[in-house]
Amino acid sequence: MSPPRVVLGVAGGIAAYKAVEVLRGLAESGHEVTVVPTEAALNFVGVATWSALSARPVATSLWTNPNEVSHVKLGQEADCVVVAPATADLLARATHGIANDLLTNVLLTARCPIVLAPAMHTEMWQHPATQSNVATLRSRGVIVLEPATGRLTGADVGPGRLPEPAAIIAAVQDVLRRTPTGDLAGRRVVVSAGGTREAWDPVRFIGNISSGRQGVELARTAVSRGAQVTLVAAHLAVEPPAGVTVRSVSSAAQLLEAMLTAAVGADAVVMAAAVADFRPEVTATSKIKKLDQPADLNLKLTATVDVLAELVRRRAGDLPVLVGFAAETAVDATELSELGHHKLARKGCDLLVVNEVGRQVVFGAEENEVTILGHEGTSVQVPRATKAAISDAVWDAVVHEWKRT
Ligand code: CTP
């Protein structure tokens with residue numbers, strides 16, 4: 001089988017030097033990469049570097065070998081076009097179909113998935129012009145990764161950093177694995193992940209062992225299917241994927257607040273977080289000293305808010321699809337199904353992803369086995385599979401719900 005053909009567009013921003021790492025990673029993992037730098041990009045990294053690392057000629061102009069019609073051929077033949085960094089100017093030209101250099105011509109002729117990894121100053125990213133361009137591109141199915149937040153050129157800090165090269169490579173590989181693609185294009189989804197912590201003094205908490213892996217995979221697969229994703233993260237043990245907006249929370253109460261805010265205008269909300277059901281009634285303001293205590297320490301616990309139930313209770317107007325997860329221990333498949341249907345009815349969400357815990361450990365594991373229950377009595381069995389494959393099955397069920405309503 002011939003290697004996947006990737007066009008790596010590089011626009012003129014300082015982060016162009018990081019695109020060298022993207023090129024190396026893609027080339028070393030068996031992709032045939034053609035680099036198309038803009039003229040401005042060549043001020044940062046020259047043709048010799050791109051050509052040597054890709055082991056291919058580098059086309060920089062519409063006027064190099066016009067007999068090869070490379071502006072049409074490159075786009076038509078690519079399996080994926082990725083632009084890193086995508087500057088504010090590049091995003092604007094891509095949005096409006098301006099084709100005044102080779103890279104923007106490639107973007108117009110490409111019929112394959114397009115991944116744009118923006119990098120620019122925070123002000124430029126947040127400008128209404130850029131935000132409206134990004135929204136338009138996303139509505140057309142272009143995958144525009146959220147920029148990372150951190151140190152930018154100079155002393156400023158904020159959203160606008162190029163996502164890490166490894167994360168961009170992973171996004172390209174995800175897209176290449178997935179054909180057809182883009183069925184979540186133009187959709188905004190919210191995923192909660194990880195485990196909440198309820199403090200009983202400034203240094204101690206009641207928590208759980210959730211790694212956040214399933215929620216992170218849900219976010220990653222949604223990005224690669226074209227969605228705009230907010231990940232509400234409670235103490236993740238794994239890195240969040242590139243291209244999502246991360247809102248970090250700690251307790252169930254903070255999770256509720258973040259979910260209610262993020263859910264406004266969303267098309268789907270998935271509660272994959274393991275939320276503590278109880279919290280200490282009182283949180284001590286200073287560290288509880290062993291010497292001040294009798295032999296036993298009694299912590300009085302009180303119920304936390306049920307975030308999913310609260311989302312169900314408050315939803316109105318254009319309803320997002322609400323998905324819950326349920327970890328159950330059961331003696332057999334029949335009991336598991338009964339427990340699941342009972343919980344689905346109790347929670348009032350649209351879909352419930354039920355997994356059995358106890359016999360095999362699910363928390364932190366690479367694989368899982370689930371049943372996706374629908375509120376109309378539907379049941380989809382997903383045999384043991386990676387958490388990425390489980391996530392895809394969940395999004396398939398969400399897409400099915402959207403079509404139904
Ligand atoms: N959940 C929530 N808020 C809570 C507890 C759970 O939003 N305080 C959500 C979880 O994120 C999950 C779903 O509810 O999507 C089911 O969680 P689970 O722990 O299985 O159920 P519980 O409601 O806690 O019920 P029980 O522990 O009795 O099984």
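Ligands are counted one by one from 1 in listed order, and the atoms in each one are counted from 1 as well.
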With respect to atom 2 (C) of ligand 1, which of D306, N355, L311 exhibits the smallest heavy-atom separation?
-> D306
Would you find more than 12 non-hydrogen atoms of other residues, nucleotides or ligands less than 6.0 Å from E32 atom CD?
-> yes
N or O pair under 3.5 Å between A274 and ligand 1 | no
Find all atoms of ligand 1 within a distance of less than 4.0 Å from any non-hydrogen atom belonging to G324, and give their numbers and elements.
-> 15 (O)
Quick one: closest heavy-atom pair of K287 and P202, and the distance?
-> N-CD, 3.7 Å
Atom 3 (N) of ligand 1: which protein heavy atom is closest, and how many Å away?
-> V307 N, 3.0 Å
Can an N or O of V275 be found at a distance shorter than 3.5 Å from an N or O of ligand 1?
-> no
Under 4.0 Å between a Lys/Arg side-chain N and an Asp/Glu carboxylate O for R225 and D396?
-> yes
Between the side chain of S379 and the main-chain N/O of L373, is any donor-acceptor distance below 3.5 Å?
-> no
Are N133 and T130 linked by a side-chain donor-acceptor pair shorter than 3.5 Å?
-> no
For A276, the atoms of ligand 1 under 4.0 Å from one of its heavy atoms are 8 (N)
Identity and separation of the nearest protein heavy atom to atom 13 (C) of ligand 1 | F325 O, 3.0 Å
T304-R279 side chain donor-acceptor pair, cut-off 3.5 Å = no
Cationic N near anionic O, under 4.0 Å, R177 to D392 | no
Ligand 1 atoms in contact with A273 (distance to a heavy atom under 4.0 Å) | 10 (C), 11 (O)
Using a strict cut-off of 4.0 Å, indicate which atoms of ligand 1 neighbour a heavy atom of A327.
-> 20 (O)
Would you sort out whether S391 and Q214 count as a side-chain hydrogen bond (donor to acceptor under 3.5 Å, both in side chains), showing the intermediate values?
-> CA-CA 7 Å; S391 304; Q214 181 67 70; 3.0 Å; yes
So is there a nitrogen or oxygen of L308 less than 3.5 Å from a nitrogen or oxygen in ligand 1?
-> yes
Tell me which one of M271, R346, K347, K343 gets a heavy atom nearest to atom 29 (O) of ligand 1.
-> K343
Is it true that atom NE2 of H341 has more than 12 heavy atoms of other residues, nucleotides or ligands lying nearer than 6.0 Å?
-> yes
What is the nearest protein non-hydrogen atom to atom 27 (O) of ligand 1, stated with its residue, atom name and distance?
-> D277 OD2, 3.4 Å
Enumerated ligand 1 atoms positioned under 4.0 Å from heavy atoms of T304 | 8 (N)
Does V305 reach ligand 1, in the sense of a heavy atom lying below 4.0 Å from it?
-> yes
